[in-house]
Participant: 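Structure provided below as structure tokens; questions to follow.
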Amino acid sequence: MSVFEHHEFDQHEKVLFCKDKSSGLQAIIAVHNTNLGPALGGCRMWHYADSSEALTDVLRLSKGMTYKAAMANLKLGGGKAVIIGNPHTDKTPAMMTAMGRFVNAAQGDYITAEDSGISIDDLNLMSEQSQYVAGIHSRYSFHGGHADGNPAPATAYGVFVGLKESVRYKLGTDLKGLKVAIQGLGHVGYRLAQQLKDEGAELIVTDIYEQQLKRAEAELGAIVVSPEEIVQQDVDVFAPCALGAVLNERTIPQLKCKVIAGAANNQLAKEEHGKLLVEAGILYAPDYVLNAGGIIDICHQNQEDSSAQALKTHLEGIALTLREIYTRADQEQLPTNRVSNLIAEERFGKSW
Ligand code: NAD
């Protein structure tokens with residue numbers, strides 16, 4: 001399939017392909033927009049069915065990063081990388097080293113970081129080859145503990161404060177006694193679950209890995225359901241924290257929640273699904289606003305003159321941004337995802 005005619009192509013500045021014979025690396029880098037600064041975005045490794053599915057994902061995700069950086073008040077553009085392969089069985093050190101070399105092909109327009117399926121160790125291997133690797137050093141800890149360069153705790157905290165704000169806006173309550181369904185108990189989802197539990201929420205969870213489910217049952221008293229059942233749960237909040245496109249024609253009619261607030265990127269299969277959620281009376285927290293904690297964290301770690309408090313305040317600003325979106329959405333009678341896009345486009349100066 002041609003890139004320029006691809007349905008997810010949105011005037012991306014660069015799309016680069018790599019098939020490295022010696023390591024077996026198959027990867028794609030997409031730089032969506034650099035009006036506000038170099039494109040920063042994670043590298044995801046996933047067992048895509050084929051390269052076409054990977055291309056669709058990287059085009060969507062990189063565009064999402066442009067909007068995310070703008071809404072998080074960062075001087076950065078949007079980009080993303082995907083590696084085709086199963087992170088549990090296919091990954092090798094040689095592949096990560098080759099990925100580092102591939103990042104250099106974007107000539108500084110793309111800075112890579114952690115995402116699903118990619119660890120700090122993987123990034124360290126990439127950084128041996130490239131200076132355009134972020135998220136491997138840490139200076140500040142927003143929670144007062146040890147900061148290890150992993151952006152997931154900051155992402156989870158941002159989702160948590162944003163979820164709380166969304167509940168306050170829609171339901172006028174705090175989290176005590178509220179039922180929250182979490183799809184995906186990975187780096188972000190599990191940490192979110194812990195914070196929700198600490199605030200008195202009741203958890204209903206799912207994952208495709210048995211081990212995480214057992215842990216959530218034992219540590220958090222969570223109720224476990226199958227991946228197929230999670231969207232139908234009678235809950236106050238649904239938190240998608242696995243993969244994208246979970247909100248679609250099939251799942252939206254099944255939802256019983258009043259708020260959707262989760263970490264996953266590109267939760268809406270199509271933009272118009274935001275309207276379906278409004279019609280269903282569900283408040284949707286735009287994913288890229290809510291899950292910007294990781295990128296905010298990485299930016300602060302790269303600034304010598306920042307501080308733990310500045311980082312925490314920036315993360316908590318996600319709640320203020322959401323309130324601005326919800327208020328304008330009510331005033332202009334528009335879906336929250338549409339309003340968020342409009343504000344982001346005003347900020348990065350969309351001209352097409
Ligand atoms: P992760 O890979 O650690 O966790 C994802 C979890 O979802 C895994 O436990 C996986 O088993 C589970 N999962 C996969 N398919 C599933 C399915 N069909 N049903 C139920 N569970 C399923 O990833 P993460 O770092 O926790 O990120 C989660 C989501 O948040 C991703 O969409 C990611 O792009 C997004 N995100 C992550 C960060 C971050 O800092 N890690 C930042 C922004 C956005």
Side-chain angles (χ1 to χ4, degrees), residues 40-48 57-58 60-62 64-65 67-69 71-72 74 78 80-83 86-88 91 112-120 122-123 134-136 138 142 147-160 162-163 181-194 204-216 222 224-233 238-248 250-251 261-268 285-299 301 315 318:
L40 176 66
C43 175
R44 168 178 292 191
M45 183 162 184
W46 186 250
H47 43 95
Y48 295 101
D57 213 25
V58 79
R60 281 162 59 104
L61 293 170
S62 57
M65 291 305 292
Y67 286 71
K68 181 188 293 194
M71 290 307 277
L74 297 166
K80 206 86 183 180
V82 293
I83 297 176
N86 185 328
H88 299 284
K91 198 194 290 175
T112 200
E114 195 185 356
D115 200 301
S116 217
I118 291 294
S119 68
I120 304 286
D122 299 329
L123 289 182
I136 44 175
S138 51
F142 72 91
D148 64 359
N150 178 359
T155 302
Y157 184 60
V159 173
F160 172 68
L163 185 153
I182 305 178
Q183 181 183 45
L185 291 173
H187 292 105
V188 178
Y190 202 88
R191 288 177 171 90
L192 173 66
Q194 288 170 316
I204 298 167
V205 300
T206 195
D207 201 290
I208 52 173
Y209 287 109
E210 188 74 13
Q211 207 182 334
Q212 284 300 76
L213 295 172
K214 288 204 172 119
R215 191 178 158 207
V224 171
V225 298
S226 73
E228 293 73 33
E229 290 171 323
I230 195 74
V231 291
Q232 311 147 8
Q233 296 304 307
F238 175 44
C241 297
L243 292 171
V246 289
L247 304 173
N248 54 49
R250 187 182 58 80
T251 57
N265 283 307
N266 295 320
Q267 290 168 29
L268 298 168
D287 46 17
Y288 63 85
V289 178
L290 194 64
N291 70 17
I295 193 173
I296 291 171
D297 182 68
I298 289 169
C299 288
Q301 305 303 348
L315 292 172
I318 289 173

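Counting starts at 1 for both ligands and their atoms, following the listed order.
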Participant: Could you identify the single nearest non-hydrogen protein atom to atom 8 (C) of ligand 1 and state the distance to 0.1 Å?
Facilitator: D207 OD2, 3.6 Å

Participant: Are K214 and Q211 side-chain neighbours, meaning at least one heavy-atom pair lies under 4.5 Å?
Facilitator: no

Participant: Return the set of residues passing salt bridge (Lys or Arg N to Asp or Glu O under 4.0 Å) with D115 (not counting sequence neighbours), or none when no residue passes.
Facilitator: R44, K80

Participant: Taking both backbone and side-chain atoms of H187, is any N or O found less than 3.5 Å from an N or O belonging to ligand 1?
Facilitator: yes

Participant: Examine the proximity of ligand 1 to C241 and report which part, side chain or backbone, both or neither, has a heavy atom under 4.0 Å away.
Facilitator: backbone

Participant: Give the atoms of ligand 1, by number and element, whose distance to some non-hydrogen atom of S116 is under 4.0 Å.
Facilitator: 1 (P), 2 (O), 23 (O)

Participant: Are any of the N or O atoms of T206 closer than 3.5 Å to those of ligand 1?
Facilitator: no

Participant: Quick check: do Y48 and D57 have side-chain heavy atoms less than 4.5 Å from each other?
Facilitator: yes

Participant: Just wondering, do T251 and V246 contact through their side chains at under 4.5 Å, heavy atoms?
Facilitator: no

Participant: Less than 4.5 Å apart, side chain to side chain, heavy atoms only: is that true for N150 and E114?
Facilitator: yes

Participant: Heavy-atom contact under 4.0 Å between E114 and ligand 1?
Facilitator: no

Participant: Identify every side-chain donor-acceptor pair in residues 184-193 under 3.5 Å, counting partners at least two apart or on other chains, and give the distances.
Facilitator:
{"unit_1": "Y190", "atom_1": "OH", "unit_2": "R215", "atom_2": "O", "d": "3.3"}
{"unit_1": "Y190", "atom_1": "OH", "unit_2": "E219", "atom_2": "OE1", "d": "2.7"}
{"unit_1": "R191", "atom_1": "NH1", "unit_2": "H187", "atom_2": "O", "d": "2.7"}

Participant: Atom OG1 of T206 and atom CD of E228: how far apart are they, to the nearest 0.5 Å?
Facilitator: 7.5 Å

Participant: For ligand 1, which atoms have a heavy atom of Y209 less than 4.0 angstrom away?
Facilitator: 11 (O)

Participant: So for R191, does at least one of its heavy atoms come nearer than 4.0 angstrom to any atom of ligand 1?
Facilitator: no

Participant: Is there a side-chain contact between D122 and M45, using heavy atoms and a 4.5 Å cut-off?
Facilitator: no

Participant: Under a 4.5 Å cut-off applied to non-hydrogen side-chain atoms, are L40 and L74 in contact?
Facilitator: no

Participant: A263 to ligand 1: N or O pair under 3.5 Å?
Facilitator: yes

Participant: Taking 4.0 angstrom as the limit and counting only heavy atoms of R44, give me the atoms of ligand 1 inside it, by number and element.
Facilitator: 31 (C), 32 (O), 33 (C), 34 (O)

Participant: Give me the residue, atom name and distance of the protein heavy atom closest to atom 40 (O) of ligand 1.
Facilitator: T155 OG1, 2.7 Å

Participant: Can you report which non-hydrogen protein atom sits closest to atom 37 (C) of ligand 1, along with the distance?
Facilitator: V188 CG2, 3.9 Å

Participant: What are the atoms of ligand 1, with element, lying closer than 4.0 Å to any heavy atom of A242?
Facilitator: 7 (O), 13 (N), 16 (C), 21 (N), 22 (C), 28 (C), 29 (C), 31 (C), 32 (O)

Participant: Heavy-atom distances under 4.0 Å decide this one: backbone, side chain, both or neither, for D115 against ligand 1?
Facilitator: side chain

Participant: Looking only at protein heavy atoms, identify the closest one to atom 19 (N) of ligand 1 and say how far it is in Å.
Facilitator: P227 CB, 3.8 Å

Participant: Tell me: protein heavy atom nearest atom 4 (O) of ligand 1, and distance?
Facilitator: G186 CA, 3.2 Å

Participant: Do Q233 and F238 come close enough that some side-chain heavy atom pair is under 4.5 Å?
Facilitator: no

Participant: Near A152, which atoms of ligand 1 are under 4.0 Å from a heavy atom of that residue?
Facilitator: 40 (O)

Participant: Find all atoms of ligand 1 within a distance of less than 4.0 Å from any non-hydrogen atom belonging to K68, and give their numbers and elements.
Facilitator: 43 (C)

Participant: What protein heavy atom is closest to atom 15 (N) of ligand 1, reported as residue, atom name and distance in Å?
Facilitator: I208 CD1, 3.8 Å

Participant: With nothing but distance in play, are any N or O atoms of N265 less than 3.5 Å from an N or O of ligand 1?
Facilitator: yes

Participant: Looking at atom 43 (C) of ligand 1, what's its closest protein heavy atom, distance included?
Facilitator: N291 O, 3.5 Å

Participant: Please examine the side chains of I83 and I118, heavy atoms only from C-beta on, and report whether any two atoms are closer than 4.5 Å.
Facilitator: yes

Participant: Answer yes or no: is there a donor N or O on one side and an acceptor on the other, between the side chain of D207 and the main chain of L213, under 3.5 Å?
Facilitator: no

Participant: I'd like to know if the side chain of D297 and the backbone of A154 have a donor-acceptor N/O pair within less than 3.5 Å.
Facilitator: no

